[in-house]
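Heads up, the thing below is written out as structure tokens.
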Amino acid sequence: MKIATFNINNVNRRLPNLLRWLRAAKPDVVALQELKSTDAEFPILAIEKAGYGAVWHGQKTWNGVAILARNAEPVLTRTGLPGEGDVEARYIEAAINGILVTSIYLPNGNPQPGPKFDYKLDWFKRLRSHAGKLLKQDIPVVLAGDYNVAPTEFDIYPTKSWDKDALIQPKSRAAFKALVDQGWTDAIRTIHPSKPMFTFWDYKRNRWPRDAGLRLDHLLLSPSIAPRLLKAGVDRKIRGEEGASDHAPAWIVLR
DNA sequence: ATGTCACATGTTATGTGA
């Protein structure tokens with residue numbers, strides 16, 4: 001079973017790229033982020049035609065998350081994190097073939113310090129609270145999404161350019177580590193301990209041709225599913241296509 | 001400080017967010 005996470009950066013603008021990748025990579029489950037689409041504008045017909053069922057949680061202009069399942073209908077279990085109602089569409093969760101899968105679009109948090117960074121840290125706290133409850137249920141869970149955190153120095157190319165950026169701040173990294181330390185397995189890093197495995201390359205400053213990337217998209221596995229981890233990777237070449245998102249899909253194969 | 005992309009508002013650009 002192949003599960004992927006892909007920040008598509010506008011699902012309608014990037015629809016030809018998405019459909020090409022679905023046909024070529026044939027993932028069984030896909031967590032999409034940054035739909036930048038209202039619920040009504042989500043391209044469900046094209047996605048169904050490609051052989052996928054879907055659940056989605058959209059919003060005008062910004063954010064938006066979805067979960068696709070090949071030859072299956074994901075069973076929606078929640079949109080938004082528990083607690084106060086989220087105005088921004090950043091969380092969706094569904095059950096597919098006995099696995100609970102999320103699509104997370106964690107706030108970027110820039111500029112920092114400031115209210116947007118506070119929102120990021122608060123959102124992380126609410127995610128940890130919910131993730132902790134999922135762990136206690138002892139069910140197979142994959143927390144997939146764009147966490148907007150490069151967890152360590154190894155997850156970014158050598159540079160000073162991002163020193164003030166919310167993506168690499170100690171507080172952002174501590175929040176990610178606190179989540180993982182609940183008992184989750186960072187699947188990509190587990191399979192590839194000594195390769196950077198970038199998933200994002202900024203459009204600016206020639207960063208894709210220079211491979212000046214960051215690893216921001218993660219698949220975290222609950223203890224009951226981690227032993228099934230067989231393979232993991234990043235479909236880097238997707239980033240080089242015409243009209244590409246600034247992220248590439250990250251994926252795992254479970255036995 | 002800048003670079004790139006895309007969208008919204010509503011203009012022959014500018015602001016916003018990433």
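The model shown is predicted, which means the values in this text are computed figures rather than measured ones. The sequence lines fix the lettering, A, B, ..., with proteins before strands; numbering per chain opens at 1.
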What integer number of Å spans the P atoms of B/dA1 and B/dA13?
26 Å
Euclidean distance, atom CD of residue A/Glu41 to atom P of B/dA8 [Å, nearest integer]:
8 Å
Side chain proximity check, A/Trp201 to A/Arg236, heavy atoms < 4.5 angstrom
yes
Side chain of A/Asn148, backbone of A/Leu167: donor and acceptor closer than 3.5 Å?
no
Identity of whatever pairs with B/dT2 - Watson-Crick or G-U, under 3.5 angstrom:
none
Report which part of the nucleic acid A/Phe200 touches: base, sugar-phosphate, or nothing (heavy-atom distance under 4.0 Å, all strands).
nothing
Rounded to the nearest Å, what distance is computed from the CG atom of residue A/Asn12 to the P atom of nucleotide B/dC7?
9 Å
Distance test, side-chain N/O of A/Arg14 to OP1/OP2 of B/dC5, below 4.0 Å
no
Quickly work out the A/Gln59 CD to B/dC7 P distance and round it to whole Å.
15 Å
Does A/Asn10 put a side-chain nitrogen or oxygen below 4.0 Å from OP1 or OP2 of B/dC7?
yes
Can you tell me which nucleotide in B/dC7, B/dT2, B/dT4 comes closest to the side chain of A/Arg205?
B/dT2
What is the separation between atom CG on A/Asn108 and atom P on B/dT16, rounded to the nearest whole Å?
16 Å
Rounded to whole Å, the NZ-C1' distance (A/Lys36 to B/dA18) equals 6 Å
Given the P atoms of B/dG10 and B/dT16, what is the spacing between them in whole Å?
13 Å
Geometric class of the A/Phe42/A/Trp56 ring pair [parallel <30°, tilted 30-60°, perpendicular >60°]
parallel
Could you pick out which residue, A/Gly109 or A/Ser161, lies toward the 5' side of DNA chain B when each is mapped onto its nearest nucleotide?
A/Ser161
Separation of A/Lys195 NZ from A/Ile188 CD1 (nearest 0.5 Å)
10.5 Å
Over all strands shown, is A/Arg13 touching base, sugar-phosphate only, or nothing at heavy-atom distances under 4.0 angstrom?
sugar-phosphate
Nearest-Å distance, CG (A/Asn9) to P (B/dA6)?
8 Å
Between CG of A/Asn148 and C1' of B/dA18 the distance, given in whole Å, is 8 Å
When you check the side-chain N and O atoms of A/Tyr157 and A/Arg207, is any donor under 3.5 Å from an acceptor?
yes
Can you tell me if A/Lys116 touches the phosphate of B/dG17, counting only side-chain N or O atoms and a distance under 4.0 Å to OP1 or OP2?
yes
When rounded to whole Å, the CG to C1' distance for the pair A/Leu15 and B/dA6 reads 16 Å
A/Trp62 has its side chain closest, among B/dG3, B/dG17, B/dC5, to B/dG17
